[in-house]
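A short worksheet on the structure shown next.
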Amino acid sequence: MRVEIWSDIACPWCYVGKARFEKGLAAFDHRDEVEVVHRSFELDPGRAKGDTELVIDMLAQKYGRTPEEARGMEANVAANAQAEGLGYRTEGRDHGNTFDIHRLLHLAKARGRQDQLLTRVYRANFAEERSVFDEAVLADLAVEAGLDADEARAVLADPAAYADDVRADEREAAELGANAVPFFVFDRRYGISGGQPAEVFVQALEQSWKDRQVTGLTQVGADGAACDADGACEVPREAASDQRV
């Protein structure tokens with residue numbers, strides 16, 4: 001069974017949702033027969049490469065909030081991350097264009113190191129004093145995830161490398177109706193939007209395994225906290241009942 005996860009490194013709910021999904025997967029009896037594929041989704045594709053700003057400033061401008069209110073928003077997400085055992089810095093993080101990160105993740109996928117790189121980049125972005133929008137830092141993270149240093153640097157230096165793969169993922173997300181991330185698709189049968197509790201992921205895994213002959217996509221827990229295509233990130237909401245789309 002295949003689980004595809006559309007996400008963006010700039011999305012805090014993708015960071016939290018990955019941890020919750022992995023807890024759900026660990027509780028699934030057939031976990032060793034599940035292939036997990038991470039797919040690209042950009043929250044801020046219009047931002048120029050190299051144009052970065054502090055997350056607090058970005059949030060204040062996007063939502064029309066004061067810096068203190070933006071810090072409160074970050075503290076709310078941090079509490080959710082910490083509840084999953086994740087580190088989360090609420091000050092000093094920066095925000096920028098993630099296209100190069102997605103291109104590098106496609107290299108990692110080709111080399112069988114995609115999950116390792118995604119995990120490493122998430123941790124650097126949300127928990128460490130390292131900017132993932134710095135090419136030198138990103139190349140170092142690639143090496144820490146098990147990629148070849150020269151190959152990683154070559155991909156970062158070539159804007160066309162894996163660009164088509166990123167765009168293909170984004171087109172497919174649009175075709176599936178995904179307008180927020182994280183977005184999880186289970187064997188092209190069940191979809192989950194947002195960073196749902198681990199129990200919801202267990203339900204989707206079990207139902208998808210049971211209904212392997214079913215066609216069409218059913219949305220499960222559609223009201224989980226997510227970041228939408230405009231880069232807006234929600235506060236947590238209670239999971240909704242199943243909803244067919």
Side-chain angles (χ1 to χ4, degrees), residues 1-9 11 13-42 84 86 98 101-123 141-142 144-148 151-152 155 161-162 164-178 180-222 224 226 242 245:
M1 188 167 72
R2 171 180 284 195
V3 179
E4 298 161 278
I5 308 172
W6 274 264
S7 62
D8 191 12
I9 194 64
C11 166
W13 296 116
C14 297
Y15 177 50
V16 173
K18 183 176 186 294
R20 290 175 175 172
F21 167 75
E22 288 170 351
K23 286 184 178 179
L25 181 61
F28 180 53
D29 289 341
H30 303 282
R31 56 188 172 275
D32 292 337
E33 298 174 74
V34 176
E35 176 192 12
V36 179
V37 179
H38 297 282
R39 299 202 179 277
S40 302
F41 190 107
E42 293 175 272
E84 302 301 330
L86 301 171
T98 57
I101 300 171
H102 286 295
R103 294 194 302 109
L104 199 60
L105 283 165
H106 275 280
L107 167 66
K109 177 184 176 183
R111 301 294 177 264
R113 306 298 294 176
Q114 188 185 45
D115 186 73
Q116 290 85 345
L117 179 59
L118 183 60
T119 298
R120 192 66 197 88
V121 175
Y122 271 143
R123 188 163 74 244
L141 293 172
E144 292 170 23
L147 294 175
D148 177 78
E151 189 173 31
V155 167
Y162 294 100
D164 289 345
D165 299 86
V166 176
R167 297 306 184 210
D169 278 356
E170 294 174 336
R171 285 195 302 272
E172 195 161 14
E175 290 166 2
L176 289 171
V181 287
F183 185 63
F184 302 78
V185 176
F186 297 74
D187 249 3
R188 296 298 170 105
R189 278 182 290 277
Y190 292 94
I192 289 181
S193 178
Q196 300 282 349
E199 294 78 9
V200 175
F201 291 117
V202 174
Q203 174 193 0
L205 287 162
E206 291 177 345
Q207 193 67 44
S208 185
W209 185 266
K210 178 181 177 182
D211 297 340
R212 279 173 287 174
Q213 302 304 315
V214 176
T215 59
L217 188 67
T218 297
Q219 186 83 1
V220 179
D242 295 0
V245 296

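For reference, positions follow the sequence shown, starting with 1.
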Side chain to side chain contact (heavy atoms under 4.5 Å, CB included) partner of F184, the single match among Y190, F21, W6: F21
Working note: H102 + D165, criterion side chain to side chain donor-acceptor pair (under 3.5 Å); need CA distance, chi angles, decisive distance, verdict. CA-CA 9 Å; H102 286 295; D165 299 86; over 6 Å; no
Between S7 and C14, which heavy-atom pair has the shortest distance, and what is it? CB-SG, 3.6 Å
Decide, yes or no, whether a salt bridge links R188 with E172 under the criterion of side-chain N to carboxylate O below 4.0 Å. yes
Working to the nearest 0.5 angstrom, can you tell me the gap between E144 CD and R123 CZ? 8.0 Å
Contact check, side chains of L25 and V36, non-hydrogen atoms, under 4.5 Å: yes
Any chance you could measure E4, atom CD, to F186, atom CZ, to the nearest 0.5 Å? 10.5 Å
Spell out, as yes or no, whether a donor-acceptor pair under 3.5 Å connects the side chain of R103 to the backbone of V155. yes
Any donor-acceptor pair under 3.5 Å linking the side chain of R113 with the backbone of A145? yes
Please answer whether the main-chain N or O of D169 pairs with a side-chain N or O of R39 as donor and acceptor at a distance below 3.5 Å. no
Mutual orientation of the aromatic rings belonging to H30 and W209 [parallel < 30°, tilted 30-60°, perpendicular > 60°]: parallel
Which heavy atom in S40 sits nearest to a heavy atom in H106, and how many Å separate them? OG-NE2, 3.3 Å
Residues E22, K18: salt bridge by 4.0 Å N-O rule: yes
Taking the side chain as every heavy atom from C-beta outward, state whether I9 and Y122 have any pair of such atoms under 4.5 Å apart. yes
Tell me the closest heavy-atom pair linking Y162 and A110, and the distance in Å. OH-CB, 4.0 Å
Just so I know, are the side chains of L104 and L107 near enough to count as touching, which here means a heavy-atom distance under 4.5 Å? yes
If you define the side chain from C-beta out and look only at heavy atoms, does anything of L205 sit under 4.5 Å from M1? yes
Counting distance only, does the side-chain N/O of R189 pair as donor-acceptor with the main-chain N or O of D211 below 3.5 Å? yes
Could you pull out the closest heavy-atom pair between G24 and F201, with the gap in Å? CA-CB, 4.5 Å
Spacing of E175 atom CD and R171 atom CZ [to the nearest 0.5 Å]: 7.5 Å
Verify whether one side chain among T98 and D8 offers a donor that lies under 3.5 Å from an acceptor in the other. yes
Tell me whether D164 at atom CG has more than 12 heavy atoms from other residues, nucleotides or ligands lying less than 6.0 Å away. no
Only residue of L105, L117, D115 satisfying side chain to side chain contact (heavy atoms under 4.5 Å, CB included) with H38 is D115
What pair of heavy atoms forms the shortest contact from F41 to A173, and how long is it? CD1-CB, 4.0 Å
